[in-house]
Visitor: 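The structure's right below; bear with me while I get my questions together.
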Amino acid sequence: MPARATRAKGGDRTKIPLKGPLSLKHTLDCGQAFRWRRRGDWYIGVVGGAATKVRVVGRWLEARSNPRLEPDFFHRYFRLDDDLEEIYECISMDEPIRRAVTAYRGLRLLRQDPWECLASYILSIASNIPRISGAIERLSETYGVRVELDGWSGHKFPSPTAIQLAGPEALSRHGLGFRARYLFDAARAVVEGEVDLKRVAGLPTEAAREELMACMGVGPKVADCVLLFSMDRLEVFPVDRWVRRGVEELFFNGERLSEGAVRGWGVERYGRCAGYAQQYIFHYIRHIGARPPAGLSLRRPKPHSERRRAT
DNA sequence: GAAGGGCCTTTGAG
DNA sequence: ACTCAAAGGCCCT
């Protein structure tokens with residue numbers, strides 16, 4: 001269902017009509033994608049193999065890209081086929097979600113590229129958003145193809161082949177830490193056909209999760225993120241420390257719950273809209289702040305002999 | 001077999 | 001310069 005859209009003479013400008021709300025700020029800054037940067041009223045990034053900038057003007061999404069991307073690409077990427085009003089009704093059964101929906105109205109899940117999504121969330125393991133973004137940029141600059149638009153240049157996300165060719169040692173020199181071998185192994189598995197992402201995308205959700213978790217370094221959380229953000233599984237509920245903390249505080253009065261318990265709770269409670277509920281909870285708890293993670297007081301300092309030498 | 005703890009590397013931020 | 005925490009996963013108990 002290609003959206004009705006117009007195109008300027010230049011050839012690279014596209015306008016897509018918006019039926020429901022779309023907030024680029026909340027959609028692109030909520031931590032589901034790591035490569036968008038704000039520049040004035042535009043967001044610039046590299047998607048679909050193209051240097052791209054997007055902005056919302058009135059009831060239209062305006063995009064420029066090089067090479068040119070079809071309107072349908074943006075329609076799919078921004079999930080403009082999701083009926084947000086209906087989804088809000090589906091998840092707004094309690095106060096915290098209602099507050100989040102009010103605050104982040106127009107936040108949409110994205111339909112990302114499966115390989116980039118898998119690699120990005122492998123890099124996210126025990127990391128933080130600024131660091132993840134940095135690692136992805138360094139890898140792209142080193143191993144990704146350069147693309148340009150309006151005097152700005154970016155780099156495509158590296159192909160699995162490029163990552164495999166680089167090898168784990170070279171990868172770790174970009175500050176990936178222990179994630180370097182996880183990323184390398186995932187690339188190797190994809191290149192060698194051990195994991196066929198196109199095929200996985202067509203499997204039933206449980207089977208797809210199992211296949212993804214066959215990769216070294218991919219557990220339930222990373223698998224759920226890939227399923228949610230790149231394989232159309234809105235019924236999954238990825239649980240990281242923030243979502244866990246958020247559910248404990250907002251819904252269970254601070255009671256400690258296991259990761260699995262939180263996941264089961266979310267899937268059961270929000271059903272086919274669980275993914276949206278998860279993203280609004282994630283964004284919300286990060287903004288309002290939360291108690292320090294459990295275990296902080298139990299942390300033992302590293303022996304001094306093991307600390308990094310000053311240079 | 002589920003549950004929980006130690007450990008894995010290094011970064012960006014305060 | 002120093003400390004802390006980070007969109008987890010693996011391995012062992």
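These numbers come from a predicted model, not from an experiment. Every chain is numbered from 1, with letters handed out A, B, ... down the list of sequences.
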Visitor: Hey, are A/Thr14 and A/Glu62 close enough side-chain-wise for a donor-acceptor pair under 3.5 Å?
Guide: no

Visitor: According to the 5.5 Å centroid and 30° plane-angle thresholds, does A/Trp242 stack upon the nucleobase of C/dA7?
Guide: no

Visitor: Under the ring pair (Phe, Tyr, Trp, His ring centres under 6.0 Å) test against A/Tyr270, which residue among A/Tyr88, A/Tyr280, A/Trp265 passes?
Guide: A/Trp265

Visitor: Of the nucleotides C/dC10, C/dA6, C/dA7, which one has an atom closest to the side chain of A/Arg245?
Guide: C/dA6

Visitor: Does A/Tyr182 or A/Pro130 map to a spot on DNA chain C nearer the 5' end, using the closest nucleotide for each?
Guide: A/Pro130

Visitor: Verify whether one side chain among A/Thr205 and A/Arg233 offers a donor that lies under 3.5 Å from an acceptor in the other.
Guide: yes

Visitor: Would you say the base of B/dA3 and the side-chain of A/Glu259 have a donor-acceptor pair closer than 3.5 Å?
Guide: no

Visitor: Examine B/dT11: is either OP1 or OP2 under 4.0 Å from a nitrogen or oxygen in the side chain of A/Arg173? Give yes or no.
Guide: no

Visitor: In the strands shown, is B/dA2 matched to any nucleotide by a Watson-Crick or G-U wobble pair with both distances under 3.5 Å, and which?
Guide: none

Visitor: Can you check whether A/Arg179 has a side-chain N or O nearer than 4.0 Å to OP1 or OP2 of B/dT9?
Guide: no

Visitor: So that I can tick it off, tell me whether A/Asp240 and A/Lys221 are bridged by a salt bridge, with the cut-off set at under 4.0 angstrom between side-chain N and carboxylate O.
Guide: no

Visitor: Taking the side chain of A/Arg131 as heavy atoms from C-beta outward, which of C/dA7, B/dT11, C/dG9 is closest to it?
Guide: B/dT11

